[in-house]
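In what follows, a single structure is set out as structure tokens and then discussed.
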Amino acid sequence: WEKGEAVVLEIGGLTCGMLCRNEGEIRFVQTYTVGSLHLRRQMEEAALMPQQISELAEGKTHEISDQIRKNLENPTTTKLLLMGHEMRCAAAQILSTSKQKTRPDANVLPVTVKALEKLLRQVATSTTEELVRELNISYTDAELLGPSLSITVSIAKALDLKKVYISSLSFSDGLLQEAVAGSVWTTAMRKHVLRVARETGEKYQYDQNHAEQVARVALDLFDLLQEEHGCTSRHRLFLEVAALLHDIGVFVSVHSHNKHTMYLVHNTEFAGLSSQEIELIAVITRYHRKAIPQSSHVEYTSLRPEDRLVVSKLAAILRVADALDRVHDQSLGKIRFQLTGEALVCIPGQNGVASAEQVSLAEKSDLFELMFGRRCHLHTPE
């Protein structure tokens with residue numbers, strides 16, 4: 001499953017969650033407002049016959065199929081992994097009537113699309129009572145099995161798949177495992193978040209070279225000050241995302257672009273990050289220039305006290321990193337840092353005109369001095 005292209009689709013009652021992977025890397029994540037219960041209600045409200053549910057599902061799943069085709073190189077050879085209670089119910093029914101052998105502890109069962117279509121026809125031509133009796137399932141399962149199967153079959157046929165896979169696990173299992181393990185942050189998820197950040201930057205026509213330079217400098221400072229700021233590796237990722245996106249507000253307007261950036265980041269979906277974490281990143285970008293955090297700023301005071309402290313620390317680092325590439329030409333090269341008891345000395349990697357950076361550093365290092373108790377100096381050769 002780490003190799004090739006794979007799509008994970010969990011069919012819930014009101015929504016479907018989809019995750020696309022390619023060579024182990026997350027390429028796309030989305031939640032769609034279509035689910036088994038949702039489809040069942042629409043069918044009843046429109047007074048449709050059970051046999052018409054496939055037609056309804058085709059219209060509702062068009063966007064899902066279209067997104068899969070756009071985000072995978074070869075959708076017809078992808079592995080479609082299905083999750084959800086009704087799909088596990090379907091797998092049990094298919095397994096009980098086939099000669100297919102599988103290990104008792106197998107987490108994934110391969111199923112042909114023809115077998116799913118056969119079960120769907122049986123469900124569509126039977127009453128709820130008949131399904132409860134013949135399949136030995138609950139009334140709820142009997143009512144939602146048809147919609148779930150119709151969603152699956154519709155997507156599989158749209159992608160011209162002959163076989164799919166049904167998992168005994170769910171996204172919730174992953175969340176529970178993550179909670180027990182202490183919120184493990186995988187390399188794949190980190191790469192996904194950063195890719196979304198860069199794609200968002202491209203969408204808003206950011207200065208990529210400047211953004212990457214600011215991100216590199218910010219991360220170097222973060223690592224240098226690790227013992228003092230006490231932030232986590234997850235906070236390090238927040239800083240990197242904020243550094244990559246700090247100027248995208250220019251797309252809206254140069255004037256107050258830091259506030260526009262905050263709005264754009266706040267309304268960007270980063271799968272894997274909670275709404276609170278996205279808000280934290282957005283507020284960090286808001287303070288990359290101009291005023292430092294103040295009690296009169298609603299977006300800042302609405303954060304939890306511990307998050308306000310994180311924002312102040314990371315924004316202080318971001319302001320210094322941004323100041324060191326004031327003219328967006330990376331003319332200072334690879335910057336080294338020296339910490340003394342009273343100062344942070346920034347040493348350019350190559351000689352060049354640094355007047356703009358000196359002025360900018362003097363203006364924007366106020367928050368750094370407040371949070372870390374050190375003045376910032378740009379060392380230039382005499």
Side-chain angles (χ1 to χ4, degrees), residues 185 187 190-191 193-195 197-198 201 206-248 258 261 280-281 284-290 292-293 309-382:
W185 189 250
T187 301
R190 178 181 174 277
K191 289 171 61 179
V193 170
L194 291 175
R195 191 186 71 254
R198 290 185 170 94
Y206 74 151
D207 183 337
Q208 182 179 2
N209 291 335
H210 171 67
E212 296 288 353
Q213 172 71 1
V214 172
R216 283 191 295 269
V217 174
L219 294 181
D220 285 346
L221 274 173
F222 180 95
D223 295 339
L224 178 67
L225 297 163
Q226 180 68 64
E227 294 184 1
E228 298 188 26
H229 59 61
C231 293
T232 68
S233 59
R234 203 172 181 95
H235 294 142
R236 189 179 190 272
L237 178 66
F238 298 164
L239 174 62
E240 188 170 5
V241 173
L244 290 171
L245 298 179
H246 71 280
D247 272 345
I248 61 173
N258 53 322
T261 295
L280 191 147
I281 295 171
I284 292 170
T285 64
R286 184 251 191 272
Y287 294 114
H288 83 272
R289 66 190 292 269
K290 296 293 184 178
I292 63 176
L309 185 58
V310 169
V311 164
S312 295
K313 291 176 179 179
L314 299 187
I317 292 173
L318 179 57
R319 290 167 74 93
V320 171
D322 189 35
L324 291 172
D325 191 38
R326 178 64 183 84
V327 295
H328 293 216
D329 64 357
Q330 300 79 59
S331 60
L332 300 186
K334 171 67 174 176
I335 300 173
R336 296 184 296 110
F337 299 98
Q338 287 183 354
L339 278 178
T340 69
E342 299 179 349
L344 170 72
V345 182
C346 311
I347 307 171
Q350 59 191 39
N351 295 332
V353 178
S355 301
E357 282 74 18
Q358 284 181 314
V359 172
S360 183
L361 189 61
E363 293 175 344
K364 299 178 69 173
S365 61
D366 49 354
L367 185 56
F368 188 91
E369 183 176 355
L370 180 65
M371 299 307 300
F372 297 102
R374 291 183 175 90
R375 294 181 178 274
C376 296
H377 300 295
L378 181 62
H379 174 78
T380 55
E382 297 179 359

Do [X] and [Y] have side chains that get closer than 4.5 Å, going by heavy atoms?
X: Asn258; Y: Thr285; answer: no
X: Leu339; Y: Leu225; answer: yes
X: Asp247; Y: Asp207; answer: no
X: Pro293; Y: Leu367; answer: yes
X: Ile335; Y: Ile347; answer: no

Do you know which two heavy atoms are closest between [X] and [Y], and how far apart they sit?
X: Ala218; Y: Ala243; result: CB-CB, 4.5 Å
X: Leu245; Y: Gly201; result: CD2-N, 3.7 Å
X: Ala242; Y: Ile284; result: CB-CG2, 3.7 Å
X: Cys231; Y: Lys313; result: SG-CD, 4.2 Å
X: Leu361; Y: Ser365; result: O-OG, 2.8 Å
X: Met371; Y: Ala316; result: CG-CB, 4.2 Å

Quick one: [atom1] on [X] to [atom2] on [Y], what's the gap to the nearest 0.5 Å?
X: Leu221; Y: Leu344; atom1: CG; atom2: CG; answer: 6.0 Å
X: Asn351; Y: Leu332; atom1: CG; atom2: CG; answer: 10.0 Å
X: Thr232; Y: Leu237; atom1: OG1; atom2: CG; answer: 9.5 Å
X: Cys346; Y: His379; atom1: SG; atom2: NE2; answer: 11.5 Å
X: Ser331; Y: Gln213; atom1: OG; atom2: CD; answer: 9.0 Å
X: Glu342; Y: His377; atom1: CD; atom2: NE2; answer: 8.5 Å

Sub-3.5 Å donor-acceptor pair from the side chain of [X] to the main-chain atoms of [Y], do we have one?
X: Glu357; Y: Ala323; answer: no
X: Arg319; Y: Lys290; answer: yes
X: Thr261; Y: His246; answer: yes
X: Ser360; Y: Ala356; answer: no
X: Lys364; Y: His288; answer: yes
X: Arg374; Y: Phe368; answer: no
X: Gln330; Y: Asp325; answer: no

(Q) Looking at Arg336, I'd like to know if its CZ atom is crowded, meaning that more than 12 non-hydrogen atoms belonging to other residues, nucleotides or ligands lie closer than 6.0 Å. (A)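 For Arg336, atom CZ is not crowded (no more than 12 foreign heavy atoms under 6.0 Å).
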(Q) Angle between ring planes, His229 versus Phe222, binned at 30° and 60°: parallel, tilted or perpendicular? (A)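 Ring orientation of His229 relative to Phe222: tilted.
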Q. Can you check side-chain contact (heavy atoms from CB on, under 4.5 Å) on Val214 and His210, steps first, answer last?
A. CA-CA 6 Å; Val214 172; His210 171 67; 3.4 Å; yes
Q: Applying side-chain contact (heavy atoms from CB on, under 4.5 Å), run through Glu212 and Leu244 and close with a yes or a no.
A: CA-CA 6 Å; Glu212 296 288 353; Leu244 290 171; 3.8 Å; yes
Q: Dump the intermediate steps for side-chain contact (heavy atoms from CB on, under 4.5 Å) on Leu378 and Leu324, then the final yes or no.
A: CA-CA 9 Å; Leu378 181 62; Leu324 291 172; 4.0 Å; yes
Q.
What I want to find out is whether Glu363 reaches Arg289 closely enough, with some N-O distance under 4.0 Å, to be called a salt bridge.
A.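 No salt bridge links Glu363 with Arg289.
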Q: Evaluate the criterion side-chain contact (heavy atoms from CB on, under 4.5 Å) for residue pair Leu314 and Tyr287; output intermediate values, then yes/no.
A: CA-CA 9 Å; Leu314 299 187; Tyr287 294 114; over 6 Å; no
Q) Given Phe238, which of Arg236, Glu240, Arg234 fulfils the side-chain contact (heavy atoms from CB on, under 4.5 Å) condition? A)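 Filter result, single survivor: Arg234.
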